[in-house]
Amino acid sequence: MPDSLTVTDNRTGKTYEFPISYGTYSDNGACIRALDLRKIKGTEEDFGLLTYDPAFQNTASCKSAITFIDGDKGILQYRGYGIDELAEKSTFLEVAFLILNGELPSPDELEKWVWNVTHHTLIHENIKKFIDGFHYDAHPMGMLISTVAALSTFYPDSRSVTDSDNRRRQIHRLIAKLPTISAFIYRHMIGRNYVYPDNDLSYTGNFLAMMFSLTGRAYRPDPVLERVLDVLFILHADHEQNCSTSAMRGVASSQADPYVSLAAAAAALYGPLHGGANEQVLRMLQEIGSKDHIPDYVKRAKAGEFRLMGFGHRVYKNYDPRARILKSMASEVFEVTGRNPLLDIALELERIALEDDYFVSRKLYPNVDFYSGIIYQAMGFPVDMFPVLFAIPRTAGWLAQWEEMMMDEDQRIARPRQIYIGPEERSFVEVGNR
Ligand code: CMC
């Protein structure tokens with residue numbers, strides 16, 4: 001049987017044959033080239049057939065070798081490695097290297113990579129000045145997005161996006177500086193002095209120190225919490241072509257520099273349907289307040305009054321594997337921090353929802369955001385900071401996707417088509433005659 005698709009246009013009776021190509025797995029990623037459909041024309045003058053796909057529900061915008069998701073089976077892999085194994089055996093910086101380079105690093109490569117990231121953690125002193133200019137109660141994502149965009153003005157060399165060595169330098173800078181900027185933003189919100197990076201600490205240990213150290217006291221991160229945060233960062237490192245990654249690729253496809261492109265990606269992440277959901281989950285659990293209120297709350301969600309935050313996913317139609325790992329990690333965290341009472345509400349909410357036909361029939365399962373917020377809160381992070389905690393590790397994914405796009409000869413400036421449904425051509429009427 002040929003790997004092709006035969007289409008008959010009933011307007012003309014003409015038949016067309018298009019090749020079908022595949023990704024790594026033949027049952028996942030079979031596709032035709034959308035441009036082939038242009039050959040299908042009702043008349044010779046026709047523009048050719050378009051596909052109408054709002055929200056890109058069935059359109060592959062790129063070929064990618066970074067992340068594989070099988071949403072029906074609940075599988076997530078980075079460069080072929082299962083997320084469970086990476087969460088158990090790897091570190092965030094090693095995973096970031098893997099995502100960016102395609103292979104796990106050798107010991108020498110890892111040492112060099114960690115050194116490079118560690119030694120780019122400082123930010124220009126002027127950046128502190130404009131962080132100072134934000135209101136103390138400004139949302140940290142607004143501050144993060146603006147500050148990352150502003151880095152573009154500090155590193156004008158970053159505009160040479162076709163130079164691969166240059167791209168690598170910006171990648172080191174961004175992965176290194178995101179935790180520093182995020183911690184400075186938090187310190188600004190609570191009116192404390194900025195704490196400079198400590199190069200002797202790990203990536204997550206240093207971030208915890210910049211967030212939580214008190215003046216005059218040596219801060220040593222709790223090793224359990226340092227490791228849990230590292231696992232959280234691994235789980236959030238990449239998730240293929242979601243809203244923010246598509247924003248990264250879309251903006252960077254115009255050859256905009258990586259700072260403004262990444263700011264756009266972070267802006268997309270900020271929305272409550274994407275990375276802002278972890279914050280909304282916490283607010284939802286607080287609003288529910290007690291297990292007795294859950295049945296009524298679920299009833300209202302089913303009636304369409306609001307959505308259960310942390311439930312459902314465009315791709316996963318099964319339990320999100322990241323949520324499963326987080327759920328099992330919660331007890332480890334609570335042994336150090338004390339139990340977050342919101343966990344009991346979350347567990348009961350999950351139990352009730354997963355027995356309810358509304359959620360079962362729509363395949364709505366807990367996603368990564370359902371349990372992450374409870375853990376972040378127990379660790380002492382304020383709710384507003386949750387999307388920032390998503391953005392820090394996702395920076396590695398955004399940059400890997402950017403790098404892949406820059407190397408992909410199929411890619412050009414992103415420019416979707418539209419189906420025009422406005423009025424046909426008509427003549428202008430002077431204002432007095434309307
Ligand atoms: N609560 C209640 N009903 C829901 C929910 C929910 N959380 N999610 C989807 N539905 C219903 C929706 O009303 C629709 O029902 P019907 O067919 O009767 O109209 C059906 O399920 C399909 O929903 P959809 O909006 O077509 O699905 P989508 O693929 O466009 O949306 C989603 C995916 C993640 C935006 C959505 O599930 C949602 O809003 N979830 C809550 C927000 C959330 O947790 N977001 C984090 C996503 S994971 C982290 C990340 O990758 O950013």
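Both ligands and their constituent atoms are indexed starting at 1 by order of listing.
- Looking at Asn166 and Gln170, their side chains do bring a donor and an acceptor atom within 3.5 Å of each other.
- For atom 34 (C) of ligand 1, the candidate residues are Gly312, Ala303, Ser244, Gly276; the nearest heavy-atom contact is made by Gly312.
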Show every donor-acceptor pair shorter than 3.5 Å between a side-chain atom in residues 147-156 and any protein atom, with sequence neighbours excluded, or say none if there are none.
{"unit_1": "Thr147", "atom_1": "OG1", "unit_2": "Met143", "atom_2": "O", "d": "2.6"}
{"unit_1": "Ser152", "atom_1": "OG", "unit_2": "Asp257", "atom_2": "OD2", "d": "2.7"}
{"unit_1": "Thr153", "atom_1": "OG1", "unit_2": "Ala150", "atom_2": "O", "d": "2.6"}

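- Each of Tyr270, Tyr371, Tyr376 was checked for a ring-ring contact (aromatic ring centres under 6.0 Å, His included) with Phe386, and the lone residue meeting it is Tyr376.
- For ligand 1, the atoms sitting less than 4.0 Å from at least one non-hydrogen atom of Arg362 are 11 (C), 15 (O), 16 (P), 17 (O), 18 (O), 20 (C), 21 (O), numbered in the order shown with element in parentheses.
- Distance check: Ser26 OG to Ile20 CD1 gives 11.5 Å after rounding to the nearest 0.5 Å.
- In this structure, atom 13 (O) of ligand 1 is in close contact with the protein, since a protein heavy atom lies within 4.0 Å of it.
- Scanning all protein heavy atoms for the shortest distance to atom 32 (C) of ligand 1 gives Arg307 NH1, 4.3 Å.
- Residue nearest to atom 33 (C) of ligand 1, selected from Arg394, Arg322, Glu305, Arg314: Arg314 (by heavy-atom distance).
- Below 3.5 Å of separation, one finds no N or O of Lys317 facing any N or O of ligand 1.
- Distances below 4.0 Å separate heavy atoms of Gly310 from the following atoms of ligand 1: 43 (C), 44 (O).
- His274 ND1, 2.4 Å is the protein heavy atom nearest to atom 52 (O) of ligand 1.
- With 3.5 Å as the limit, one finds no donor-acceptor pair spanning the side chains of Ser253 and Gln411.
- Short contacts between ligand 1 and Tyr358, defined as distances under 4.0 Å to a heavy atom of the residue, involve ligand atoms 2 (C), 3 (N), 4 (C), 11 (C), 13 (O).
- Classification of Asp157 and Arg173 as a salt-bridged pair holds, one side-chain N sitting under 4.0 Å from a carboxylate O.
- Side-chain N/O atoms of Tyr319 and Asn367 include no donor and acceptor closer than 3.5 Å.
- Within ligand 1, counting atoms from 1 as listed, the ones closer than 4.0 Å to a heavy atom of Leu273 are 39 (O), 45 (N), 46 (C), 47 (C).
- Counting atoms of ligand 1 from 1 in the listed order, those under 4.0 Å from a heavy atom of Gly275 are 52 (O).
- There is a protein heavy atom closer than 4.0 angstrom to atom 21 (O) of ligand 1.
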task: Report the C-alpha separation of Phe68 and Tyr25 in whole Å, then their side-chain angles, then the decisive distance to 0.1 Å, and conclude whether the ring pair (Phe, Tyr, Trp, His ring centres under 6.0 Å) test is met.
output: CA-CA 10 Å; Phe68 174 70; Tyr25 301 105; 4.6 Å; yes
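- Counting heavy-atom neighbours within 6.0 Å of Lys299 NZ, excluding the residue itself, gives a total of 12 or less.
- Heavy atoms of other residues, nucleotides or ligands lying less than 6.0 angstrom from CD of Gln255 number 12 at most.
- Of all protein heavy atoms, the one lying nearest to atom 51 (O) of ligand 1 is His313 NE2, 3.6 Å.
- When each atom of ligand 1 is checked for a heavy atom of Ala277 under 4.0 Å away, the hits are 43 (C), 44 (O), 45 (N), 46 (C).
- Here the shortest heavy-atom distance to atom 10 (N) of ligand 1, taken over Leu364, Val315, Asn242, belongs to Leu364.
- Residue Tyr420 places its OH atom among more than 12 non-hydrogen atoms of other residues, nucleotides or ligands, all under 6.0 Å distant.
- Remark: among candidates Leu308, Val298, Asp369, the nearest residue to atom 7 (N) of ligand 1 is Leu308, based on non-hydrogen atoms.
- In this structure, atom 47 (C) of ligand 1 lies nearest to the protein heavy atom Asn367 ND2, 3.6 Å.
- In this structure, atom 41 (C) of ligand 1 has protein heavy atoms in its sub-4.0 angstrom surroundings.
- Atom CZ of Arg227 sits in a crowded spot, with more than 12 heavy atoms from other residues, nucleotides or ligands closer than 6.0 Å.
- Considering backbone and side-chain N/O atoms, Phe306 never comes within less than 3.5 Å of an N/O atom of ligand 1.
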